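Only one structure is covered here, and it is reproduced in the block below.
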Amino acid sequence: MRRLIVMIGCLACGWLMVSCGDNSSELAPARSAAQNAPDQFMTNAEIYLTSDGIRKGTIKSDSLKIYSRIDTTLLYQVEMFFFDSLGNHTSTLTADSARVSQRSNSMCAMGHVKAWRTDNRRIQADSLRWDAKSEKIVTEGYVEIYRGDDILTGYGLETDQRLEQTIIKRNPRGTFSEPAKNNR
C-alpha cells in the first residue's frame, strides 16, 4: 500500500512539473528581467571605503545601482577622494562611470578619467583601476601624466593613490620644460 501511495505521489508531482513547464516560457522574460534588475538604486550617493577600519576613500556619485548577487555596484558621474593612513586627503579622481566590487575591494573607473593632486600633478586615461588593499592605481591603456608643464604619455600605468611613485610600462614619451635660469 505504501508503494502505491508513493507511486501516485510521484506521478502527481511529475504531472505538475510538466504542466508548469508548459507555462514557464510565458514567464521567462519577466523572471529574466527581474534577475537583471538592481537590488538597490540611489541618487546623490556617498560611499565610504575602508580597510581594517581606516577610511581609504570616499566616492560620490550622481546615481548608483547595486547588484549584490554579482558583487557589483555601478556608479555614474563619479568623484572619488583618496586618504592616507592619517585621514588626510591626498588626491581626487573623476570619471563618467565606475564599477565597484566589495569582494575584491577595488574600483574600475571608466570614461574621461582624471586623477590629480593639489600641486598640479594629474593623470588622464580612458580607464583606471584602484585597489584599496594595495593602494595602487593601474591601467593597461593609454595614459597622459602632467606635472606642471611636463607631459609624459604611454601605455600601462602603476602609481600609488598619492600619485607620487608613477611607472609607465610601455612606450613612454615626454616633453619637459627647461627650468628657469637664475640670473647670478
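Nothing here was measured: the structure is a model prediction, and the numbers come from that model. Heavy atoms only: backbone and side chains are in, while hydrogens, waters and symmetry mates are out. One-based numbering along the sequence shown.
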### Pair Leu93-Lys114, side-chain contact (heavy atoms from CB on, under 4.5 Å): steps then yes or no
CA-CA 6 Å; Leu93 179 145; Lys114 295 177 185 170; over 6 Å; no
### Query
Phe83 and Gln161: side-chain contact (heavy atoms from CB on, under 4.5 Å), yes or no, with the steps?
CA-CA 8 Å; Phe83 298 91; Gln161 66 188 31; 5.7 Å; no
### Query
Hey, is the main chain of Gly156 close enough, under 3.5 Å, to the side chain of Thr139 for a donor-acceptor pair?
no
#### Entry: N/O donor-acceptor pair under 3.5 Å between Asp71 side chain and Arg103 backbone
yes
### Query
ring pair (Phe, Tyr, Trp, His ring centres under 6.0 Å) with Phe41: which residues, sequence neighbours excluded?
none
### Query
Under the side-chain contact (heavy atoms from CB on, under 4.5 Å) criterion, do Leu64 and Gln40 qualify, and how do the steps go?
CA-CA 8 Å; Leu64 66 80; Gln40 297 178 42; 5.8 Å; no
Under the side-chain hydrogen bond (donor to acceptor under 3.5 Å, both in side chains) rule, collect the residues that match up with [X], sequence neighbours excluded.
{"X": "Asp126", "answer": "none"}
{"X": "Ser63", "answer": "none"}
{"X": "Lys169", "answer": "Glu140"}

### Message
For Lys136, is there an ion pair with Asp160 - N to carboxylate O distance below 4.0 angstrom?
### Response
no
### Message
Does Asp119, at its CG atom, have more than 12 non-hydrogen atoms belonging to other residues, nucleotides or ligands within less than 6.0 Å?
### Response
yes
Do [X] and [Y] make a side-chain contact, defined as non-hydrogen atoms from C-beta onward lying under 4.5 Å apart?
{"X": "Asp62", "Y": "Thr43", "answer": "no"}
{"X": "Asp39", "Y": "Ser68", "answer": "yes"}
{"X": "Lys60", "Y": "Val78", "answer": "no"}
{"X": "Leu128", "Y": "Val138", "answer": "no"}
{"X": "Ile47", "Y": "Leu75", "answer": "yes"}
{"X": "Thr159", "Y": "Ile167", "answer": "no"}

Side chains of [Y] and [X]: any donor to acceptor distance under 3.5 Å?
{"X": "Ser106", "Y": "Asp131", "answer": "no"}
{"X": "Thr90", "Y": "Asp84", "answer": "no"}
{"X": "Thr175", "Y": "Asp150", "answer": "no"}

Who pairs with [X] by salt bridge (charged side-chain N to carboxylate O under 4.0 Å, His left out), at least two apart in sequence or on another chain?
{"X": "Glu144", "result": "none"}
{"X": "Lys133", "result": "none"}
{"X": "Glu164", "result": "Arg117, Arg162"}
{"X": "Arg173", "result": "none"}

Residue pair [X] / [Y]: nearest heavy atoms and the distance that separates them:
{"X": "Val113", "Y": "Ala95", "answer": "CG2-CB, 3.9 Å"}
{"X": "Ser177", "Y": "Asp149", "answer": "OG-CB, 3.7 Å"}
{"X": "Ala37", "Y": "Tyr67", "answer": "C-CE2, 3.7 Å"}

### Summary
Residues pairing under ring-ring contact (aromatic ring centres under 6.0 Å, His included) where one sits in residues 106-137, two or more places apart or in two chains, turn out to be Phe82-Trp130
#### Entry: Joint cluster assignment, Met110 & Ile70, ILVMFWY side-chain distance < 4.5 Å
no
### Pair Val143-Thr153, side-chain contact (heavy atoms from CB on, under 4.5 Å): steps then yes or no
CA-CA 6 Å; Val143 296; Thr153 64; over 6 Å; no
Find the distance between [atom1] ([X]) and [atom2] ([Y]) and round it off to the nearest 0.5 Å.
{"X": "Ile137", "Y": "Met80", "atom1": "CD1", "atom2": "CE", "value": "8.0 Å"}
{"X": "Thr92", "Y": "Glu79", "atom1": "OG1", "atom2": "CD", "value": "6.5 Å"}
{"X": "Tyr142", "Y": "Leu157", "atom1": "OH", "atom2": "CG", "value": "12.5 Å"}

### Task
May I ask you to establish whether Arg122 and Tyr146 are in a cation-pi arrangement, using a distance under 6.0 Å from NZ or CZ to the six-membered ring centre and at most 45° from the ring axis?
yes
### Query
What pairs with Arg147 under side chain to side chain contact (heavy atoms under 4.5 Å, CB included), at least two apart in sequence or on another chain?
Arg121, Ile145, Thr166
### Task
List in chain and number order the residues that pass side chain to side chain contact (heavy atoms under 4.5 Å, CB included) with Asn44, two or more places apart in sequence or in another chain; answer none if no residue qualifies.
none
### Message
Test: salt bridge (charged side-chain N to carboxylate O under 4.0 Å, His left out). Region: residues 93-102. Which pairs qualify, not counting sequence neighbours?
### Response
none
